[in-house]
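Being a predicted model, the structure only gives us computed values, none of them experimental.
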Amino acid sequence: EKTGQYQFYVHRMEPDGIGALYQAFEALKKKLEAEGLFAPERKRPIPSYPRTVAIVTSPTGAAVQDMIQIARRRHPGIRLIVVPVLVQGEQAAPSIVRGLKRAEQSGADTVIVGRGGGSIEDLWAFNDERVARAIYDSDIPVISAVGHEPDVTISDFVADLRAATPSNAAELAVPNAEDIRETLRGYDIRMAQAMRKQMAQRRAALDNLAGRR
């Protein structure tokens, strides 16, 4: 109201316009891109028929449950290893780095690293340089699955493959067992046809020889 008074307690200040987090994101992106961490030629293909998939994420979030359910539905025989890590807060980045190391040692063929959606502050651990370099240094192909489809993090640029969502990551990492069976049925038909053709050709050659003795 008129002649009223307000008092502000300022805990943090950011530049007007482009926020400090966005500026930090762009600076790190430019730095790592110049070093070649995003180069397409260094990205490895995701195994088509993995035996084991490691999931580096929070063990309590909805994202991990979605990934497990989708993976099991697509391929009931797939082996899943959940590597529990923090995905938010100051300790999240070192926790994710340790989780990626454990995933490498687990014998997995593919690693999914990520979390469900949130604000830029919530997802910030996946914009951390330590996490980016751990993904780059991984001996196993890594799928980045952070947030929802519009969300983009540094981890997405470094990973071998970016998934739009954690659920999409499970679809990309785990083959559909029915598709595999259909492929095998096709191979079986082609093999039988090839064998029949070979037998017909050999029989014709034998008949020809028999008629010329």
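Under a 4.0 Å N-O distance rule, the pair K30/E33 does not qualify as a salt bridge. With respect to E35 and R133, a salt bridge is recorded, a charged nitrogen being found less than 4.0 Å from a carboxylate O. Note on K43 versus D160: no salt bridge recorded, every NZ/NE/NH1/NH2 to OD/OE distance being 4.0 Å or above. The pair E178-R74 fails the salt-bridge criterion, with no side-chain N (NZ, NE, NH1 or NH2) lying under 4.0 Å from an Asp/Glu carboxylate O.
By the criterion of side-chain heavy atoms lying less than 4.5 angstrom apart, applied directly or through intervening Ile, Leu, Val, Met, Phe, Trp or Tyr residues, I70 is not grouped with I143; the two fall into different hydrophobic clusters. With hydrophobic clusters built from ILVMFWY side chains whose heavy atoms lie under 4.5 angstrom apart, V85 shares a cluster with I135. If you chain together hydrophobic residues whose side chains sit under 4.5 Å apart, V113 and F25 fall into the same group. When the side chains of ILVMFWY residues are joined at heavy-atom separations under 4.5 Å, either directly or via intervening members, Y49 and Y187 end up in a single hydrophobic cluster. One hydrophobic cluster, built from ILVMFWY side chains closer than 4.5 Å, cannot hold both V111 and L86; they sit in different ones.
With R42 contributing its side chain and G36 its backbone, the two residues share no donor-acceptor pair below 3.5 Å. Between the S95 side chain and the Q91 main chain, no donor and acceptor come within less than 3.5 Å of each other. A donor-acceptor distance shorter than 3.5 angstrom exists from the side chain of D156 to the backbone of T153, with no hydrogens or angles considered. A donor-acceptor pair under 3.5 Å is formed between the side chain of H75 and the backbone N or O of G77. Judged by distance alone, the side chain of E104 and the main-chain N or O of D139 form a donor-acceptor pair under 3.5 Å. The backbone N or O of P84 sits less than 3.5 Å from a side-chain atom of R102, completing a donor-acceptor pair. Under the 3.5 Å distance criterion, the side-chain polar atoms of D122 are matched with a main-chain donor or acceptor of S119.
Summarising the geometry of A108 relative to I140, their closest heavy-atom pair is O-CD1, 3.5 Å, with the distance given to 0.1 Å. For the pair A170 and M67, the tightest heavy-atom approach, listed with the atom from each and the gap, is CB-O, 3.7 Å. Between A163 and L172, the shortest heavy-atom contact is CB-CD1, 3.9 Å. Of all non-hydrogen atoms in A159 and S144, the two that sit nearest each other are CB-CB, 3.6 Å. Of all non-hydrogen atoms in P50 and A173, the two that sit nearest each other are CG-O, 3.3 Å. Scanning all heavy atoms of the two residues, the minimum distance from G114 to V87 falls at O-CG1, 4.0 Å.
Atoms CD1 and OG, on I81 and S106 in that order, are 4.0 Å from each other to the nearest 0.5 Å. To the nearest 0.5 angstrom, Y136 atom OH is 10.5 Å from L32 atom CG. Within the model, atoms CG of L28 and CD of E26 stand 10.0 Å from one another, a figure rounded to the nearest 0.5 Å. Interatomic distance, R115 CZ to S155 OG, rounded to the nearest 0.5 Å: 12.0 Å. To the nearest 0.5 Å, atom CZ of residue R181 and atom CG of residue D188 are 15.0 Å apart. D66 contributes atom CG, which lies 10.5 Å from atom OG1 of T57 (distance to the nearest 0.5 angstrom).
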Next on the checklist: Apply side-chain contact (heavy atoms from CB on, under 4.5 Å) to residues E121 and Q88 and explain how you reach the verdict.
Outcome noted: CA-CA 8 Å; E121 290 84 2; Q88 188 172 334; over 6 Å; no
Item to check | side-chain contact (heavy atoms from CB on, under 4.5 Å) between I55 and V83, intermediate numbers included | outcome: CA-CA 6 Å; I55 304 174; V83 181; over 6 Å; no
Next on the checklist: D151 vs V146, test: side-chain contact (heavy atoms from CB on, under 4.5 Å). Steps then yes/no.
Outcome noted: CA-CA 7 Å; D151 298 320; V146 184; 5.7 Å; no
Next on the checklist: side-chain contact (heavy atoms from CB on, under 4.5 Å), that's the test. Do I154 and K29 meet it? Break it down for me.
Outcome noted: CA-CA 7 Å; I154 297 295; K29 179 183 173 184; 3.7 Å; yes
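The 12-atom threshold is exceeded at CZ of R72, counting heavy atoms of other residues, nucleotides or ligands nearer than 6.0 Å. Enclosure of atom CD in E41 by more than 12 non-hydrogen atoms of other residues, nucleotides or ligands within 6.0 angstrom is indicated. Shown here is E90, whose CD atom has no more than 12 heavy atoms of other residues, nucleotides or ligands within 6.0 Å. The environment of CZ in R190 is sparse: at most 12 heavy-atom neighbours from other residues, nucleotides or ligands sit within 6.0 Å.
Residues V82 and V56 form no side-chain contact, since every pair of their non-hydrogen atoms from C-beta on lies 4.5 Å or further apart. The shortest distance between side-chain heavy atoms of I78 and L80 falls below 4.5 Å. For the pair P175 and I180, the minimum side-chain heavy-atom distance is below 4.5 Å. P47 places a side-chain heavy atom less than 4.5 Å from the side chain of P141.
S167 and T165 are not linked by any side-chain donor-acceptor pair at a separation below 3.5 angstrom, with hydrogens and angles left out of the test.
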